[in-house]
K.L.:
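This is the structure I have questions about; it appears just below.
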Amino acid sequence: MDDFLSWLQGGPLTEAIRGTPYLYPVLESIHILGIALLVGPAAVFDLRLLGLGRQKLRVMTAAEHLLPLSRLGFVIAAVTGVLMFLPGASLIADRGSAPWKLGLIVIALLNILIFHRRTYRNVTAWDTDRPTPAAARIAAVISLTSWSGVTIAGRLLAYT
Ligand code: HEM
């Protein structure tokens, strides 16, 4: 593992990131914009699953407009995150918050997978002004807490 991290730190892409003035803060800024695009729409969708705006907003309409934005935000956060990881791979991988961040990302992604493969399949039964099933509400709570946790663990990466 240590060899792999050292190899990552010495690669040509890593050298380019290290050697380009202001690239790191630019990546950090784009990372934050990606997080906003991921977490904002996802949180609004989660609140709809919890019943907010039930009379006015169909679940399928919310999913159609909000989830593509969230997916794009995740891709932006993941790409910039990996690029920021490269120059300090050994140091960052050693931080106590790193396994939390990674673990919470895995939980958040598994939650999405289970929600779409199972719960969302019969969305037509609760698409309009009907109470959402318990599984959808549980998925919403897991989503809200795991993405919040990833954000907190991400910020902590700089410290511990
Ligand atoms: C998916 C792959 C991701 C990787 C590899 C990654 C990696 C990183 C790295 C290396 C840093 C810089 C740490 C430092 O300053 O030393 C960082 C910062 C951060 N990350 Fe990520 N990240 C990813 C996704 C996410 C996601 C999905 C979120 C939130 C939902 C997130 C939230 C944050 C936050 C809040 C910061 C601190 C930004 C700042 O204060 O400048 N990250 N991340």
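Each ligand, and each atom within it, is numbered from 1 in the order the structure gives. Worth knowing before you read on, the calculation uses all heavy atoms, side chains too, and leaves out hydrogens, waters and symmetry mates.
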K.L.:
For ligand 1, is there an N or O atom under 3.5 Å from any N or O atom of Arg155?
P.N.:
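Looking only at distances, the answer is yes, because the N/O contact criterion of under 3.5 Å is met.
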K.L.:
Please state whether Tyr24 comes within less than 4.0 angstrom of ligand 1, counting heavy atoms only.
P.N.:
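Contact check Tyr24 vs ligand 1: positive.
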K.L.:
If every non-hydrogen atom of Ser90 is compared with every non-hydrogen atom of Leu5, which pair is closest and at what distance?
P.N.:
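Looking at all heavy atoms of both residues, the closest pair is OG-CB, 3.7 Å.
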K.L.:
Give the residue and atom name of whichever protein heavy atom lies nearest to atom 2 (C) of ligand 1, and the separation in Å to one decimal.
P.N.:
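Looking only at protein heavy atoms, the one closest to atom 2 (C) of ligand 1 is Ala78 CA, 3.7 Å.
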K.L.:
Can you tell me if CH2 on Trp100 sees more than 12 non-hydrogen neighbours from other groups inside 6.0 Å?
P.N.:
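Counting neighbours around CH2 of Trp100, 12 or fewer heavy atoms of other residues, nucleotides or ligands fall under 6.0 Å, so no.
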K.L.:
Which residue and non-hydrogen atom of the protein lie closest to atom 41 (O) of ligand 1, and at what distance in Å?
P.N.:
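Here the closest protein heavy atom is Glu28 OE2, 3.2 Å.
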K.L.:
Just to be careful: counting only protein atoms that are N, O or S, how many fall under 2.8 Å of atom 21 (Fe) of ligand 1?
P.N.:
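For atom 21 (Fe) of ligand 1, the figure is 2.
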K.L.:
For Val141 and Leu50: C-alpha separation, side-chain torsions, deciding distance, then whether side chain to side chain contact (heavy atoms under 4.5 Å, CB included) applies.
P.N.:
CA-CA 8 Å; Val141 170; Leu50 290 173; 4.1 Å; yes
K.L.:
As a check for students: among Val75, Ile105, Ile32, Leu86, identify the option with a heavy atom nearest to atom 38 (C) of ligand 1.
P.N.:
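Among Val75, Ile105, Ile32, Leu86, the closest heavy atom to atom 38 (C) of ligand 1 comes from Ile32.
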K.L.:
Can you confirm whether Arg118 is buried at CZ, in the sense that more than 12 heavy atoms of other residues, nucleotides or ligands lie under 6.0 Å from that atom?
P.N.:
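Counting neighbours around CZ of Arg118, 12 or fewer heavy atoms of other residues, nucleotides or ligands fall under 6.0 Å, so no.
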K.L.:
Which heavy atom of the protein is the closest neighbour of atom 35 (C) of ligand 1, given with residue, atom name and distance?
P.N.:
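Here the closest protein heavy atom is Thr151 O, 3.3 Å.
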K.L.:
Report, in ascending order of atom number, the atoms of ligand 1 lying under 4.0 Å from any heavy atom of Val39.
P.N.:
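Ligand 1 atoms under the 4.0 Å threshold to Val39: 30 (C).
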K.L.:
Considering all heavy atoms of both residues, which atom of Leu27 and which atom of Thr80 are nearest to each other, and what is their separation?
P.N.:
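Answer, listing the atom of Leu27 first, then Thr80: O-CB, 3.8 Å.
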K.L.:
Can you tell me the protein heavy atom closest to atom 15 (O) of ligand 1 and the distance?
P.N.:
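Answer for atom 15 (O) of ligand 1: Ala158 CB, 3.8 Å.
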